[in-house]
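Proteins come first, then strands; the chains are lettered A, B, ... in the order of their sequence lines, and each starts at number 1.
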Amino acid sequence: MSKVITLTDATFEAEVLNSELPVLVDFWAPWCGPCRMMAPVLDELSLAFDGKLKIAKLDVENPAHQGLASTYRIQSIPALKLFKGGQVVKEYLGYREKAMLGAELVQELDI
Amino acid sequence: MEIQYIKSAEEFEQIKKENEFLVVDFFSEDCPPCEKLAPIYEKMATIFPTVKFTKIFRQGLRPLAELLGVSGSPTVVFFKSGAIQEERLSGEIKENDLVFILEKLSGASAEEIKTEDGVRKTDLCIIGNGPAGITAAIYAARYKVDQIMVGDLAGGLMTSSHKICNFPSQTEISGMELSQMMADQVNALEVPQINARISKVEKNSTGYLLETTNGDQIQTKTVLLTAGTKHRHLGLPNEEDLVGRGVSYCATCDGAFFNNKTVAVIGGSDTANTASLYLAQVANKVYQVYRKGALRGETAWIDQIKENNKIQVIYNTEVIGLSGENQLEGVVLSTPFEGNTVLKVDGAFVEIGSEPDLSLINQLGLATDEGNYVITAKDQTTNQSGVWAAGDITNGSNNFRQIITACSEGAIAAQNIFEYLQRKK
């Protein structure tokens, strides 16, 4: 089970930039192996952080999403960016294990 | 938790009200698939303690069954907060499907067949789920070896190959597709799998106690190590800072971000050559920087590189630095190219090979050769009794690390482990 939200260019502003909760956005693409490794980790973290952090993903393969990928200077995936109040406050590049990412998020969110 | 037999519609309504997660198995008498399901269903009841498991004799409560649209046995229906769920299973019900829906329903993950002390016991634990591990799992499944496979990426390193043309039966296929096909095959055999890595190894009197990065514990009689290799880095001081800012170790993952840009590929093996060819489809210009005087690997790729006017190979040159602070601006060359020591590029793809990760090798106490590869015998045994190794991590197959040789080593290991376990019985 997962509470990961699937973003589109149309929902990005409302779900991420105007979100009251902090949002961790996973910029990913289906062709990328490490992104596929990340998916179950994020599914589990979305449950563990439910109510404290939103976890969302944006498929950068979709041509409509490439503007956002370029805005956020995505050059390597998976790229996880933590948004607070519409601003990127932290970035995590490449695959990260659940325990490690979880601990980093706890520290960053001060929870 | 005990399975409750529901005898009346009123009893059903009551249970539905009292339980957040409810599952109902409609069964019949003289029904072979129902009998087949029974032990699986009982097992599920022990695995998912937050879910209420019930059974209804379909012919005994026919109106209720019909109300729920149940017209055959067995049919398993699921309720959450009193609401019937879209998913349901009927006929020949597979354990995996049941686990999948129950996990989705309850949000809990299946702590499969854990014994009372929380340690899962098995005869074989395969570490890694690349082609060696998957092939071994397929063979072991057919030998009916009690096994579990632990890995975090089905297909392993080959998932990052954009084109594979030397695997029999596949004229041309992407690494991701071939990985998916292998994963599908092992899934169809219902091989138990944990999506994680092994973080800790402890030898004891009955074999090895392994701990996963998820915190699962596995006590196993035998271990097959197929953990493969990881990408080698350049080892330059600002390399880590520039990862994701122009430096990449995966052309298929990140190539698309360099549309119409200039990139460098560092290396001269098959992996580097295929990366150049892939990037030439996306980028404006590809410089392939190689320390030797000629590319190595398959002639077919080398010929394609020579014919591709977007790719320029810079021979006898090493990358000795990376320029740029927050964004890669160029690579520093050991020998000037067209008069410049800095080659201006937007991206640099490091493809200088891969090497085994020593942490598990050392924890298992395995002997390695000078390249840190595990020394294996013809039957894939190692210097440690009860431990086999297969695939890219070994010095086997004449050091020819390919998908096909990894599969071959995996098959040999599985057969040898099967014989070993038979002898031990």
Whether over 12 other heavy atoms sit under 6.0 Å from A/Glu13 CD
no
Which heavy-atom pair separates A/Pro40 from B/Asn195 by the least distance, and what is that distance?
CG-ND2, 3.6 Å
So which heavy atom on A/Gly33 is nearest to which on B/Cys253, and how close?
N-SG, 4.3 Å
Heavy atom to heavy atom, less than 4.5 Å: which residues from residues 74-102 of chain A reach chain B?
A/Ile74, A/Gln75, A/Ser76, A/Ile77, A/Glu91, A/Leu93, A/Tyr95, A/Glu97
Taking C-beta and beyond as the side chain, do A/Arg73 and B/Gln327 meet within less than 4.5 Å on heavy atoms?
yes
Would you please name every residue forming a ring-ring contact (aromatic ring centres under 6.0 Å, His included) with B/His233, sequence neighbours left out?
B/Tyr249
Atom pair [atom1]/[atom2] of [X] and [Y] - distance to nearest 0.5 Å:
X: A/Asp43; Y: B/Lys104; atom1: CG; atom2: NZ; result: 11.5 Å
X: B/Leu153; Y: A/Met37; atom1: CG; atom2: CE; result: 5.5 Å
X: A/Trp31; Y: B/Thr159; atom1: CH2; atom2: OG1; result: 14.0 Å

Answer with side chain, backbone, both or neither: which region of [X] has an atom nearer than 4.5 Å to a non-hydrogen atom of chain A?
X: B/Arg245; result: both
X: B/Ala154; result: backbone
X: B/Phe100; result: neither
X: B/Leu105; result: backbone

Flag the one option from B/Gly244, B/Gly155, B/Ser174 with the top tally of heavy-atom pairs under 4.5 Å to chain A.
B/Gly244
Toward chain B, the part of A/Val41 with a non-hydrogen atom under 4.5 Å
neither
